[in-house]
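Everything below concerns the one structure shown next.
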Amino acid sequence: MEFFNSALGKNITFVRPAYFKIAGFIGIPNMNYYYIFLFFVFFISVLGNTAVMTVIYLDHNLRTAKYVAVFNLAFVYLLGNTALVPKVIDTFLFNHYYISYNECLTYFFFCYMCLSMQALNLVALCYDRLVAIMFPLHYQVTVTPKIMLSIILAFWLFVIIAVSTAAGLLTRLSFCNSVVINSYFCDHGQIFGIACNDYSPSYIFSDVLIAIILWIPLIIVISSYVCICFALFKVSTIQEGVKAFKTC
């Protein structure tokens, strides 16, 4: 165990384990077939997202606000899959269940950063489609590539700060008994759940993040599609309505 003093002026000692054990898929029969399947899905995902990014980058006709968000979404999927899938295969297929403390926090950071950014990126795409259908005359002014890039960068900044704060709260936990994480990666809830001191700050912060990154984007996306559907009902012809809906 490693001990350190807090940076808040008090000599508080936290107990950090040398490693965690990721045990989410241990003991499940015939899982090797799943890992092989997962590898092929990962390979196809890498090729697909790389192709999307390459086409958007090379085709100047796609330098629009919508494709700024699409490019970022492909990048986030590529980064998230690269951070998660190879490690899952290495952990359970080759029985490397133990992961060092610092490596686990790094693993947690990249996985949650990408998962959070995927949800917020859908909000950016939702904004693009909502303005395009409901306010088409204002689209060229209110949804420019620079504005979309600013939205994406703001989301990135928020996600990095939020996940870094969550990781920082985890470093203030002590692990005296169990070091077993019953998940397939370094899951936030599983980590603070096995701490032996007060983990209420991490628990509260996780609930806040779930609301901001999961529920609020979900409500925004659903609400936008409700508004889009109402707007499409006002379209004069069915063909025009179908054409507008296809853009979503």
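Heads up: numbering here begins at 1 and tracks the sequence.
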Checklist entry - Under a 4.5 Å side-chain heavy-atom rule over Ile, Leu, Val, Met, Phe, Trp and Tyr, are Leu115 and Leu73 clustered together? => result no
Next on the checklist: What verdict does the side-chain contact (heavy atoms from CB on, under 4.5 Å) test give for Thr171 and Tyr101, after you've listed the backbone C-alpha separation in whole Å, the side-chain angles of each residue and the deciding distance to 0.1 Å?
Outcome noted: CA-CA 10 Å; Thr171 63; Tyr101 178 87; 4.0 Å; yes
Next on the checklist: Rounded at 0.5 Å granularity, tell me how far CG in Leu157 sits from CD1 in Ile152.
Outcome noted: 13.0 Å
Checklist entry - Do Asn197 side-chain atoms and Arg172 backbone N/O form a donor-acceptor pair below 3.5 Å? => result yes
Checklist entry - Strictly by modelled atom types, are Asp59 and Tyr67 linked by a side-chain donor-acceptor pair under 3.5 Å? => result no
Checklist entry - Do the ring planes of Tyr107 and Phe185 sit parallel (below 30°), tilted (30 to 60°) or perpendicular (above 60°)? => result perpendicular
Next on the checklist: Check the orientation of Phe25 and Tyr35. Use parallel for under 30°, tilted for 30 to 60°, and perpendicular for over 60°.
Outcome noted: tilted
Next on the checklist: If you count every heavy atom of other residues, nucleotides or ligands that lies below 6.0 Å from Tyr34 atom OH, does the total exceed 12?
Outcome noted: no
Checklist entry - In Å and rounded to the nearest 0.5 Å, what is the CD1 to CG distance from Ile151 to Asn72? => result 11.5 Å
Item to check | Any donor-acceptor N or O pair under 3.5 Å, side chains Asn102, Thr106 | outcome: no
Checklist entry - Could you walk me through whether Tyr112 and Phe108 pass the ring pair (Phe, Tyr, Trp, His ring centres under 6.0 Å) check? => result CA-CA 6 Å; Tyr112 271 85; Phe108 151 79; 4.9 Å; yes
Checklist entry - Does a side-chain heavy-atom distance below 4.5 Å link Ile56 with Phe71? => result yes
Checklist entry - Taking side chain as C-beta onward, heavy atoms only, is Thr144 less than 4.5 Å from Ile147? => result yes
Checklist entry - Are the side chain of Ser150 and the backbone of Lys146 linked by a donor-acceptor contact shorter than 3.5 Å? => result yes
Checklist entry - What are the two closest non-hydrogen atoms of Tyr127 and Thr142, and how far apart are they? => result OH-O, 2.8 Å
Checklist entry - Can you check whether Ile99 reaches Lys87 side chain to side chain, under 4.5 Å on heavy atoms? => result yes
Next on the checklist: Run the side-chain contact (heavy atoms from CB on, under 4.5 Å) test on Thr165 and Phe205 for me, step by step, so that the C-alpha distance in whole Å, both residues' side-chain angles and the decisive distance to 0.1 Å come before the verdict.
Outcome noted: CA-CA 9 Å; Thr165 302; Phe205 192 72; 3.7 Å; yes
Next on the checklist: With heavy-atom distances below 4.5 Å as the criterion, would you say the side chains of Phe92 and Asn32 are in contact?
Outcome noted: no
Checklist entry - Would you say Val180 and Ile194 make side-chain contact, with heavy atoms under 4.5 Å? => result no
Next on the checklist: Minimum heavy-atom separation for Gly193 and Tyr199, please, with both atom names.
Outcome noted: O-CE2, 4.4 Å
Checklist entry - Under the 6.0 Å and 45° cation-pi test, does Arg63 pair with Tyr57? => result yes
Item to check | Tyr97 and Asn95: side chain donor to acceptor below 3.5 Å | outcome: yes
Checklist outcome for this item: Between Pro86 and Phe42, the two heavy atoms sitting closest are CG-CZ, 3.8 Å
Next on the checklist: Using a 6.0 Å cut-off, check whether atom CZ of Phe39 has over 12 heavy atoms from anything other than its own residue.
Outcome noted: no
Checklist entry - Which pair of non-hydrogen atoms, one from Pro201 and one from Leu169, has the smallest distance, and what is that distance? => result O-CD1, 3.9 Å
Checklist entry - Ignoring hydrogens and geometry, is there a side-chain-to-backbone donor-acceptor pair from Ser206 to Tyr203 under 3.5 Å? => result yes
Item to check | Residues Thr91, Tyr98; criterion side-chain contact (heavy atoms from CB on, under 4.5 Å); working and verdict | outcome: CA-CA 8 Å; Thr91 299; Tyr98 295 95; over 6 Å; no
Checklist entry - What do the steps show when you test Leu79 against Met113 for side-chain contact (heavy atoms from CB on, under 4.5 Å), and what is the final call? => result CA-CA 10 Å; Leu79 181 62; Met113 180 183 66; 4.0 Å; yes
Item to check | Distance-minimising heavy-atom pair for Ile181 and Cys104 | outcome: CD1-SG, 3.9 Å
Checklist entry - How long is the span from the OG atom in Ser224 to the CZ atom in Arg129, to the nearest 0.5 Å? => result 11.0 Å
Checklist entry - For the Cys pair Cys111 and Cys186, is the SG-SG distance shorter than 2.5 Å? => result no
Next on the checklist: Do Ile212 and Met117 sit in one hydrophobic cluster, given that two such residues count as connected whenever their side-chain heavy atoms are within less than 4.5 Å of each other, even indirectly?
Outcome noted: yes
Checklist entry - Is the number of heavy atoms from other residues, nucleotides or ligands under 6.0 Å of Phe109 CZ greater than 12? => result yes
Checklist entry - Are Ile36 and Ile44 joined in one hydrophobic group, where the rule is that I, L, V, M, F, W and Y side chains link up if heavy atoms are under 4.5 Å apart? => result no
Checklist entry - Does the side chain of Phe75 come within less than 4.5 Å of Met53's, by heavy atoms? => result yes
Checklist entry - Just checking, any donor-acceptor pair under 3.5 angstrom between side chains of Asp198 and Ser200? => result yes
Next on the checklist: Could you measure the distance from the CH2 atom of Trp156 to the OG atom of Ser116? Nearest 0.5 Å is fine.
Outcome noted: 10.0 Å
Checklist entry - Rounded to the nearest 0.5 Å, how far apart are CG of Asn177 and SG of Cys196? => result 6.0 Å
Checklist entry - Can you check whether Met31 reaches Leu93 side chain to side chain, under 4.5 Å on heavy atoms? => result no
Next on the checklist: Side chains of Ser183 and Ile22, heavy atoms from C-beta outward: is any pair under 4.5 Å?
Outcome noted: no
Item to check | Common cluster, Ile210/Leu218, ILVMFWY with side-chain heavy-atom separation under 4.5 Å | outcome: yes
Checklist entry - Mind checking whether Leu78 and Ile160 sit in one hydrophobic cluster, side chains of I, L, V, M, F, W, Y counted as touching below 4.5 Å? => result yes
Checklist entry - What is the minimum heavy-atom distance between Met134 and Cys227, and which atoms define it? => result SD-CB, 3.6 Å
Checklist entry - What is the distance from atom CZ of Phe43 to atom CG of Leu38, rounded to the nearest 0.5 Å? => result 14.0 Å
